[in-house]
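What follows is a single structure, written as structure tokens, with notes after it.
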Amino acid sequence: MADKEVQLHELLFTLSWEDPELDRRAFAPMAGERIATVASGGCNALTFLLDDPAYVFAFDYNPTQVWTTELKRLAVRELDDAGVYELLGVRESTRRDALMAKLEPFLDPEAKAWWASQPWLIENGLHGGGRYERFVGLFRKLLRLIQGRKTIDRLFEPRTRDERVAFYDEVWNGFAFSLLFKAFFNKAVLSRRGLSPEYFTFDDGSTSFAESFARRTRHALTEIDVRDNPFVAQYVLGRYLDEEHLPEWLRPESLAILRERVDRLEVRQGDVRTVFDDDEDGAYRGVCLSNVFELMSEAQTAEVLPRVARVVPRGGRVTLRNLMVPRGVDDSTAHLLHHEVELSRELQQQDRSFVYRACHVYTRTEAAHE
Ligand SMILES: C[S@@+](CC[C@H](N)C(=O)[O-])C[C@H]1O[C@@H](n2cnc3c(N)ncnc32)[C@H](O)[C@@H]1O
């Protein structure tokens, strides 16, 4: 299949739907290091700052993702905790316009015009406004009908692992739930409503997505504490469980640290195919690339990965995820990036975001840069 130039200008994600703990473990220790990451909803780039890197570079070819990440960076810098929570929709608010007005002087003109053209994004609280999140919102409405409010509340009650298994198998995973799940999380519906067709250009034709997603969902709702999983809360409740269970970067103690460090975060538009061209060899200890290679052919993936490897020093790490299409380092690049099979597997088991069928960690080898 011919490579397709993908340009997305619709905001897909106001949240990062990937568990940053996986990348943090892969990149540790980050103190004093330089990290590059796909920006997406910005949460993970901000989370990485908690590990005290010298510099985080967040890039995305979709300018609306860049503007979203930059807005969050500015919110942390310019607003107090209450302001951040209100702007993002973590807390109710009647003053989002006023909060946005505080950030406007720092926005570039194009971003400012774009935010002004979609006032509802801010009026409703930013989180939840991306296309993917609105799709998940639809799922949630039906989920509420099927499970009922009480069962949904019960999902978040404190439980042991065995109690979670019993709850999932006996209460949660009924016939209607599995039907709803299949109806929403299949490729056709995801590509039409939730993501965008470009994400499926290189679909490998496998049909098992709903089934393997169902398996990962069971794992996430049983093996991992549901109360401490902000991704489950966002999928099921459309918000965080409560302010005691916020993702790490949004906790008050983290915001205090981030306020001191947000100027180490640079957010810029860029395509992974070219974004590192001006960087020096070994510029980044860690590079987090989400599942960007699923939007490229195998041939182009093989062409781009050595360019990524060039900017990673020996012992540095690259993380990749796979949602639908297996994409990773192939034989042509394996001499530059060594697949950490065990670590990848271990991290996958701990993945709180659970939609990804694989998370791959690679270590830059001893081979000379090419
Ligand atoms: C691949 S998507 C996956 C989204 C994911 N589920 C999340 O939680 O963010 C992550 C981001 O990568 C961006 N992206 C995709 N291909 C890219 C490329 N070639 N260069 C730069 N950014 C890219 C998208 O615009 C999106 O914001």
Side-chain angles (χ1 to χ4, degrees), residues 3-23 36-48 57-72 126-136 185 187 190-191 194-203 209 213 216 229-232 234-235 247 249 267-277 279 287-305 307-308 311 318-325 327-328 351-360:
D3 286 356
K4 189 171 168 193
E5 203 56 44
V6 182
Q7 285 298 337
L8 305 175
H9 295 294
E10 185 185 5
L11 181 63
L12 293 187
F13 310 105
T14 57
L15 292 162
S16 300
W17 290 90
E18 290 171 22
D19 190 345
E21 291 314 302
L22 276 49
D23 311 277
T37 181
V38 164
S40 189
C43 310
N44 293 8
L46 285 156
T47 304
F48 296 157
F57 172 39
F59 65 93
D60 206 295
Y61 68 2
N62 181 342
T64 66
Q65 302 299 151
V66 171
W67 298 331
T68 298
T69 303
E70 176 65 3
L71 191 76
K72 289 186 181 180
L126 179 62
H127 282 175
R131 175 169 164 163
Y132 182 68
E133 288 114 26
R134 284 180 280 131
F135 165 73
V136 170
F185 293 99
K187 292 175 186 179
L190 269 171
S191 71
L195 293 165
S196 83
E198 283 84 355
Y199 277 69
F200 298 84
T201 303
F202 299 104
D203 184 1
F209 180 71
F213 190 21
R216 289 195 300 277
N229 190 332
F231 299 98
V232 171
Q234 285 291 348
Y235 275 114
W249 77 276
V267 193
R268 228 184 320 125
Q269 192 178 356
D271 190 309
V272 71
R273 285 166 265 228
T274 51
V275 75
F276 299 122
D277 285 359
D279 283 308
V287 179
C288 168
L289 293 181
S290 177
N291 62 328
V292 296
F293 291 112
E294 279 184 65
L295 286 78
M296 293 181 211
S297 66
E298 272 179 54
Q300 191 164 41
T301 302
E303 187 204 316
V304 175
L305 272 167
R307 287 191 237 149
V308 175
V311 296
V318 176
T319 56
L320 300 182
R321 286 167 171 79
N322 286 172
L323 183 65
M324 306 276 172
V325 186
R327 275 282 180 285
D351 184 2
R352 293 172 303 166
S353 69
F354 66 91
V355 301
Y356 286 95
R357 70 190 207 182
C359 169
H360 298 301

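Just follow the structure's listing: the first ligand is 1, and inside any ligand the first atom is 1. Every value quoted in this text rests on a predicted model; they were computed, and no experiment measured them. Residue numbers run from 1 in the order of the sequence given.
- For ligand 1, the atoms sitting less than 4.0 Å from at least one non-hydrogen atom of Arg273 are 19 (N), numbered in the order shown with element in parentheses.
- Which parts of ligand 1 touch Val38 is read off a 4.0 Å heavy-atom cut-off, strictly below it: atoms 10 (C), 11 (C), 12 (O), 13 (C).
- Near Asn291, with a cut-off below 4.0 Å to any heavy atom, the atoms of ligand 1 are 1 (C), 2 (S), 3 (C).
- At a heavy-atom cutoff of 4.0 Å, ligand 1 is contacted by both the backbone and the side chain of Glu18.
- Which of Phe13, Tyr132, Tyr61 comes nearest to atom 23 (C) of ligand 1 through a heavy atom is settled by distance: it is Tyr61.
- In summary, the side chains of Ser40 and Glu18 do not present any donor paired with an acceptor at a separation below 3.5 Å, with no hydrogens or angles considered.
- In this pair, Tyr235 and Phe354 present their aromatic rings tilted. The plane angle is within the 30 to 60° band.
- Contact between Glu21 and Arg352 at its shortest, heavy atoms only, is CG-NH2, 3.4 Å.
- Here the shortest heavy-atom pairing between Leu11 and Thr14 reads CD2-CG2, 3.6 Å.
- The Gly270 neighbourhood of ligand 1 comprises atoms 20 (N), 21 (C), with distances under 4.0 Å to a heavy atom of that residue.
- In this structure a side-chain-to-backbone donor-acceptor pair under 3.5 Å is missing from Asn291 to Arg321.
- Not a single heavy atom of Ser353 sits closer than 4.0 Å to an atom of ligand 1.
- Among residues two or more places apart in sequence or in another chain, the side chain to side chain donor-acceptor pair (under 3.5 Å) test is passed with Trp17 by Glu133.
- Distances shorter than 4.0 angstrom occur between a heavy atom of Ser290 and an atom of ligand 1.
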>> Does Val292 form a side-chain contact (heavy atoms from CB on, under 4.5 Å) with Tyr61? I'd like the steps, not just the answer.
In response: CA-CA 10 Å; Val292 296; Tyr61 68 2; over 6 Å; no

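- Within ligand 1, counting atoms from 1 as listed, the ones closer than 4.0 Å to a heavy atom of Trp17 are 7 (C), 8 (O), 9 (O).
- Taking a cut-off of under 4.0 Å to the non-hydrogen atoms of Asp271, the atoms of ligand 1 that pass are 18 (C), 19 (N), 20 (N), 21 (C).
- The closest non-hydrogen atom to atom 13 (C) of ligand 1, taken over Val304, Leu289, Asp60, Thr274, comes from Asp60.
- At a 4.0 Å cut-off, at least one heavy atom of Tyr356 sits close enough to ligand 1 to count as contact.
- Minimum heavy-atom separation, Gln65 to Phe13: NE2-O, 2.9 Å.
- Assignment of Met296 to the shell around ligand 1 is supported, since a heavy atom sits closer than 4.0 Å.
- Against a heavy-atom cut-off of under 4.0 Å, Ser16 is close to the following atoms of ligand 1: 8 (O).
- Polar contact check, Asn62 against ligand 1: no nitrogen or oxygen pair lies under 3.5 Å apart.
- Residue Val272 places at least one N or O, backbone or side chain, under 3.5 Å from an N or O of ligand 1.
- Taking the salt bridge (charged side-chain N to carboxylate O under 4.0 Å, His left out) definition, one finds that Asp60 meets it with nothing, sequence neighbours left out.
- Without hydrogens or angle criteria, Arg216 side chain to Tyr356 main chain gives a donor-acceptor distance under 3.5 Å.
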